[in-house]
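So the structure is just underneath, and the comments pick up after that.
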Amino acid sequence: KAGVTQTPRYLIKTRGQQVTLSCSPISGHRSVSWYQQTPGQGLQFLFEYFSETQRNKGNFPGRFSGRQFSNSRSEMNVSTLELGDSALYLCASSLAGSSTDTQYFGPGTRLTVL
Amino acid sequence: AQSVAQPEDQVNVAEGNPLTVKCTYSVSGNPYLFWYVQYPNRGLQFLLKYITGDNLVKGSYGFEAEFNKSQTSFHLKKPSALVSDSALYFCAVRLPNQAGTALIFGKGTTLSVSS
């Protein structure tokens, strides 16, 4: 079974632009979560989607948003990019979105903001 | 505040020796605990988790972890380290009685295994 895939793998943007990242979960998985990884802040939870609904949201500004489609694929969008948004963005999927579920991570999208 | 601590930024061990990567947590109630490993330019790979039951959990690649409720710890162990175990290790906790799958991660510990 294929793992979690994320596209693109690398992105370079300039301040003020917006960006959309895509995540395809493991087949059959219905929950998708997004995390931001930076050297200074480590791994931080952005949000989780389950059955096309945002279920949880981390402590990030409204510039960060996401959505999930009926096939469980998810996208996250960052508007008005700032230098501090440079990070590795990781997507993770789990089967049923249960609190005991294991999350499986994709390889990430490396975003660089210039 | 709910948190996870990995007190060592780096752990160095010789190949063939046992390794321990430490993790403590500060969470109300009985959390669910996870270990992940990250290799350079890769995502996180799941190693093991503790949900309930036996305090000793066995996972992938020969790793195991022991849940200690009184010490609020969940240390990762392996009896005999391999050079290929060199990577960044993350401990994570999921809050009890919380819907969903959000994880709170520790800062990570770099494991370096020398030959």
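Not measured: the values here are computed from a predicted model.
For B/Q45, no part lies near chain A; criterion is any non-hydrogen pair under 4.5 Å. Interface residue A/S99: backbone and side-chain heavy atoms are both found under 4.5 Å from chain B. Of the two parts of A/L90, only the side chain, counted from C-beta on, holds a non-hydrogen atom closer than 4.5 Å to a non-hydrogen atom of chain B. Heavy atoms closer than 4.5 Å to chain B are found nowhere in A/L46, neither backbone nor side chain. Looking at A/E48, the atoms closer than 4.5 Å to chain B (heavy atoms on both sides) all sit in the side chain, from C-beta outward. Using a 4.5 Å cut-off between heavy atoms, A/Q37 touches chain B through its side chain atoms alone.
A/F45 has its side chain out of reach of B/I104: every pair of non-hydrogen atoms, C-beta onward, lies at least 4.5 Å apart.
Criterion: ILVMFWY side-chain heavy atoms under 4.5 Å apart, direct or through other members. Under it, B/L88 and B/W35 are not part of a common hydrophobic cluster. Follow the hydrophobic side-chain contacts under 4.5 Å out from A/V113 and you reach A/V78 in the same cluster. Tracing side-chain contacts under 4.5 Å through hydrophobic residues (I, L, V, M, F, W, Y), one never reaches B/F34 starting from B/L111; they form parts of separate clusters. Residues B/Y25 and B/L95 are members of one and the same hydrophobic cluster, defined by side-chain heavy-atom contacts under 4.5 angstrom among Ile, Leu, Val, Met, Phe, Trp and Tyr. Connection of B/I51 to B/L47 is not established within any shared hydrophobic cluster, with ILVMFWY side chains joined at heavy-atom distances below 4.5 Å, either directly or through further cluster members.
By the neighbour-count criterion of 12 heavy atoms within 6.0 Å, atom CZ of A/R15 is sparsely surrounded, having that number or fewer from other residues, nucleotides or ligands. Within 6.0 Å of the CG atom in A/N59, the count of heavy atoms belonging to other residues, nucleotides or ligands does not exceed 12. By the 6.0 Å contact criterion, NZ on A/K57 is enclosed, its count of non-hydrogen atoms from other residues, nucleotides or ligands being greater than 12. The number of heavy atoms from other shown groups lying within 6.0 Å of CZ (A/F69) is above 12.
The backbone N or O of A/Y104 lies less than 3.5 Å from no partner atom in the side chain of B/Y36, so there is not a single donor-acceptor pair. Under a 3.5 Å cut-off, the side chain of B/R42 and the backbone N or O of A/G106 do not form any donor-acceptor pair. One N or O on the side chain of B/K49 and one on the backbone of A/T100 form a donor-acceptor pair closer than 3.5 Å. Counting only distance, with no hydrogens or angles, the side chain of A/Y35 and the backbone of B/L103 share a donor-acceptor pair below 3.5 Å.
Interface remark: of the candidates A/S31, A/G108, A/G97, A/G97 forms the most heavy-atom pairs closer than 4.5 Å to chain B. When the candidates A/Q103, A/R9, A/R55, A/Q6 are compared by the number of heavy-atom contacts under 4.5 Å with chain B, A/Q103 comes out ahead.
Distance CZ/B/F46 to OG/A/S94: 12.0 Å, rounded to 0.5 Å.
Across every non-hydrogen atom of B/Q38 and A/L88, the tightest pair is NE2-CD2, 3.8 Å.
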Between B/T101 and A/T102, is a side-chain contact (heavy atoms from CB on, under 4.5 Å) present by the stated rule, with each step listed? CA-CA 8 Å; B/T101 57; A/T102 297; over 6 Å; no

